Number of protein chains: 2
Amino acid sequence: MIDKLEYLLALSRERHFGRAAEACGVTQPTLSAGLKQLEATLGALLVQRGSRFVGLTPEGVRVLDWARRIVSDTRAMRQEIVALKRGLTGHLRIAAIPTALGMVSTLTTPFRTRHPDVTFKISSCTSIAILAQLENLEIDAGITYLDNEPVGRVRQIPLYYERYQLLTTPDSPLGDRAEVTWAEVASVPLCLLTPDMQNRRIIDRLLRAAGTEPAPTLESNSMILLFSHVRTGRWSSIMPAKLAQTLGLTNTVRAIPIVGPDTAHAVGLVVPSREPMTSLTAALVAEARRAANELADSPDERENLRALQ
Amino acid sequence: MIDKLEYLLALSRERHFGRAAEACGVTQPTLSAGLKQLEATLGALLVQRGSRFVGLTPEGVRVLDWARRIVSDTRAMRQEIVALKRGLTGHLRIAAIPTALGMVSTLTTPFRTRHPDVTFKISSCTSIAILAQLENLEIDAGITYLDNEPVGRVRQIPLYYERYQLLTTPDSPLGDRAEVTWAEVASVPLCLLTPDMQNRRIIDRLLRAAGTEPAPTLESNSMILLFSHVRTGRWSSIMPAKLAQTLGLTNTVRAIPIVGPDTAHAVGLVVPSREPMTSLTAALVAEARRAANELADSPDERENLRALQ
DNA sequence: GCGCTCGATAGAGGTTTTCAATCGAGAGAT
DNA sequence: ATCTCTCGATTGAAAACCTCTATCGAGCGC
């Protein structure tokens with residue numbers, strides 16, 4: 001039964017019988033038969049039949065919802081029993097927004113010291129995708145903005161507030177400043193993330209609040225690419241302080257704090273709000289709580305973050 | 001997998017392989033093998049082995065906890081899909097404390113009018129047993145005192161406050177009174193419930209609060225038996241008003257309100273606090289909310305009850 | 001030590017599951 | 001219109017699994 005529910009999860013994710021079967025490690029006829037059997041035992045069509053995959057029926061959508069619960073509980077149970085025997089083992093799949101990638105190591109490094117048998121897979125994607133993947137059990141945790149429209153039921157552990165810095169070369173127009181305003185930032189040629197990234201949308205909002213229209217002359221979805229363009233001296237960019245810190249300041253690149261309307265966006269760990277949590281998830285949450293104390297720029301900020309939980 | 005989890009549930013309930021197997025509708029070797037397979041897939045012993053059933057291992061207890069979740073979610077899923085097709089159908093198992101049996105019909109009657117395809121099984125048992133059975137998925141809902149030590153996670157819907165009346169014959173010492181005090185009640189020969197019933201323990205407390213020691217000359221676990229003894233004219237008894245109302249006042253039996261310290265005990269519906277609820281449970285909760293309005297003795301009381309949720 | 005209860009084990013029989021191979025319907029291209 | 005390609009359903013054989021009856025063996029009480 002549970003394996004059949006996994007078939008349904010895979011199908012709704014892949015939207016293709018063959019790929020779903022492959023993802024489950026069975027052949028396509030097996031998956032087809034499994035779903036047909038699930039439909040028989042529940043007494044309702046779950047998959048809209050056609051020459052190709054069309055979608056799930058309303059009943060299918062409801063079953064999908066239950067399947068997520070049941071499958072994730074089953075996995076959590078398995079994991080907990082393994083953890084009871086051999087200590088914390090297993091695999092944590094984490095997705096993070098690109099601007100948070102730099103600080104992931106402050107989470108993973110102490111975690112591995114504490115639990116050496118846990119392996120990680122960390123992927124970079126948009127805040128929207130993180131919530132979608134959490135919902136579909138494709139990742140175990142995400143690191144993203146906490147002021148998102150709540151898409152699914154998630155538990156959030158605040159980590160730090162994102163503050164922005166202008167990345168530029170010392171010999172460019174603003175290169176010698178100790179701090180700059182958002183209005184000033186808009187006056188230099190900028191390279192920024194693409195607008196599908198929430199970070200870019202936040203920066204756009206901040207620039208508009210300063211009365212200017214964002215007009216980057218180069219867009220990319222890779223922070224590394226932006227950074228390398230800044231190094232040429234022909235572009236400047238805007239980056240969260242935590243990330244600029246990680247990339248390291250060479251003698252050709254300066255990071256200048258941007259002052260002005262301080263609409264700080266909190267970044268934190270998000271995990272499925274299932275009670276009780278997976279033992280791995282629980283350990284990660286504990287680690288995040290510890291990391292939050294280290295990452296906070298001031299005791300004040302620490303207090304504010306704690307209030308967000 | 002799920003059927004194996006059901007085996008574990010049955011075993012922990014019956015504490016006997018043969019009876020557990022019977023409860024699951026399989027033979028004892030099948031249940032034994034199923035549990036052994038569950039142990040193999042989880043990689044841990046779940047049942048303490050001995051010549052007879054000893055108990056579950058710590059791992060077994062943890063798995064049992066998950067099994068309850070997974071099995072109940074699976075049942076809820078099945079039910080919801082059936083409900084989507086054929087409207088609300090199925091079976092509701094309710095347990096109630098004896099003193100609440102009289103008012104169950106104010107819940108079930110309108111429920112059946114609304115959902116004619118739902119059948120009921122209503123059993124009478126102690127408040128402790130109700131919570132235990134709820135925990136073990138043996139009943140779907142209970143009707144009991146709401147001031148219990150919370151044994152499991154339950155959601156409670158208040159129905160009414162229990163108030164006590166003296167049941168007696170018109171020609172007995174207190175038979176002509178409009179109301180009596182707890183101290184007066186203690187002066188007549190009483191027949192009461194046995195002390196394993198919470199109702200009796202409450203009455204004992206009330207009698208002691210009035211400075212008297214409860215000394216019933218007859219005890220039983222059946223309200224009907226108590227009532228029939230009252231009718232002989234040789235005993236009086238103490239009953240919740242709601243129940244006295246249901247049993248009906250013949251011309252040989254009077255119900256006299258007992259005044260004094262008003263430590264009202266709220267009675268209500270309790271259901272497993274699983275999110276989302278079974279469709280049947282959700283419908284029952286809705287019915288209980290409606291019934292609470294009807295049962296309340298005053299608007300004041302209605303307000304107090306609402307606050308308990 | 002005898003008998004009884006309980007749970008484990010063995011082996012047969014039947015069902016279910018799985019897979020490779022193939023079919024057939026529909027979409028898109030020519 | 002027809003060809004072709006993709007996708008999901010179907011088929012049939014082999015393997016795996018599950019469930020049963022029958023029986024065993026350990027421990028408990030007498």
Side-chain angles (χ1 to χ4, degrees), chain A residues 1-61 63-64 67 70-71 74 77-78, chain B residues 1-61 63-64 67 70-71 74-75 77-78 136:
Chain A
M1 174 102 216
I2 291 172
D3 46 346
K4 314 298 162 58
L5 292 177
E6 301 231 31
Y7 293 172
L8 191 70
L9 283 179
L11 182 61
S12 100
R13 183 173 64 236
E14 307 284 349
R15 304 186 64 79
H16 185 285
F17 278 65
R19 281 198 299 277
E22 196 185 6
C24 295
V26 296
T27 59
Q28 172 263 315
T30 302
L31 184 120
S32 274
L35 288 173
K36 194 150 267 183
Q37 194 201 318
L38 190 63
E39 290 181 329
T41 59
L42 292 176
L45 279 181
L46 304 178
V47 181
Q48 277 180 41
R49 303 310 169 111
S51 72
R52 18 202 87 203
F53 179 80
V54 187
L56 299 183
T57 63
E59 287 87 356
V61 174
V63 172
L64 184 66
I70 295 168
V71 167
T74 308
M77 173 178 72
R78 288 199 138 87
Chain B
M1 174 103 218
I2 291 172
D3 46 348
K4 314 297 161 58
L5 293 176
E6 301 231 31
Y7 293 171
L8 190 70
L9 284 181
L11 182 61
S12 99
R13 183 173 64 237
E14 307 286 348
R15 304 186 63 79
H16 186 284
F17 277 66
R19 282 198 298 277
E22 196 185 7
C24 294
V26 296
T27 59
Q28 172 263 315
T30 302
L31 185 119
S32 273
L35 288 173
K36 194 149 268 186
Q37 194 199 317
L38 190 63
E39 290 180 329
T41 60
L42 292 177
L45 281 182
L46 303 177
V47 182
Q48 276 180 42
R49 302 311 168 110
S51 73
R52 12 204 92 201
F53 179 80
V54 187
L56 299 183
T57 63
E59 287 87 357
V61 174
V63 172
L64 183 67
I70 294 168
V71 167
T74 308
R75 289 186 193 167
M77 174 177 73
R78 288 201 139 86
N136 281 311

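What you are looking at is a predicted structure, and each value in this text was computed from that prediction instead of being measured.
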Check every atom of [options] against the side chain of [X] and return the nucleotide holding the closest atom.
{"X": "A:Tyr7", "options": "C:dA8, D:dC18, C:dT18", "answer": "C:dT18"}
{"X": "A:Val26", "options": "C:dC19, D:dA9, D:dC20", "answer": "C:dC19"}
{"X": "B:Pro29", "options": "C:dG7, D:dA22, C:dC19", "answer": "D:dA22"}
{"X": "A:His16", "options": "D:dG8, C:dG7, C:dT18", "answer": "D:dG8"}
{"X": "A:Phe17", "options": "D:dA9, C:dC19, C:dG7", "answer": "D:dA9"}
{"X": "A:Lys4", "options": "C:dA8, C:dA20, C:dT17", "answer": "C:dT17"}

Gap between atoms [atom1] and [atom2], on [X] and [N] respectively (whole Å):
{"X": "A:Ile2", "N": "C:dT17", "atom1": "CD1", "atom2": "C1'", "result": "17 Å"}
{"X": "B:Phe53", "N": "C:dC6", "atom1": "CZ", "atom2": "P", "result": "13 Å"}
{"X": "B:Met1", "N": "D:dC18", "atom1": "CE", "atom2": "P", "result": "12 Å"}
{"X": "A:Leu35", "N": "C:dT18", "atom1": "CG", "atom2": "C1'", "result": "15 Å"}
{"X": "B:Glu22", "N": "D:dT19", "atom1": "CD", "atom2": "P", "result": "17 Å"}
{"X": "B:Leu11", "N": "C:dA8", "atom1": "CG", "atom2": "C1'", "result": "14 Å"}
{"X": "B:Leu31", "N": "D:dC20", "atom1": "CG", "atom2": "P", "result": "11 Å"}
{"X": "A:Leu46", "N": "D:dA9", "atom1": "CG", "atom2": "P", "result": "12 Å"}

request  = Report the residue (A:Gly25 or B:Arg19) whose heavy-atom-nearest nucleotide on DNA chain C is the more 5′ of the two.
outcome  =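 By nearest-heavy-atom nucleotide position, the 5'-most residue is B:Arg19.
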ask   = Going by distance alone, is a donor N or O of one side chain under 3.5 Å from an acceptor N or O of the other, for B:Gln37 and B:Thr41?
value =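 Result is no, nothing qualifies.
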key: Distance, nearest 0.5 Å, that separates CD of B:Gln48 from CD of B:Glu59   =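 Separation between the atoms: 10.0 Å.
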ask   = Nearest 0.5 Å, what's the CG-CG distance between A:Leu46 and A:Leu35?
value =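 It comes to 7.5 Å.
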inquiry  = Heavy atoms only, 4.0 Å cut-off, all strands: where does B:Gly18 land among base, sugar-phosphate and nothing?
reply    =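 Touches sugar-phosphate only.
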inquiry  = Can you see if the side chain of A:Ser32 gets near the phosphate of D:dA9 - specifically, an N or O under 4.0 Å from OP1 or OP2?
reply    =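 So the side chain of A:Ser32 is within the cut-off, an N or O lying under 4.0 Å from OP1 or OP2 of D:dA9.
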query = Among A:Leu11, A:Leu38, A:Thr57, whose side-chain contact (heavy atoms from CB on, under 4.5 Å) with A:Val47 holds?
reply =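 Result for side-chain contact (heavy atoms from CB on, under 4.5 Å) with A:Val47: A:Leu11.
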query = Which residue lies toward the 5' end of DNA chain D, B:Gln37 or B:Gln28, if each is placed at its nearest nucleotide?
reply =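 Whichever sits nearer the 5' end wins; that is B:Gln37.
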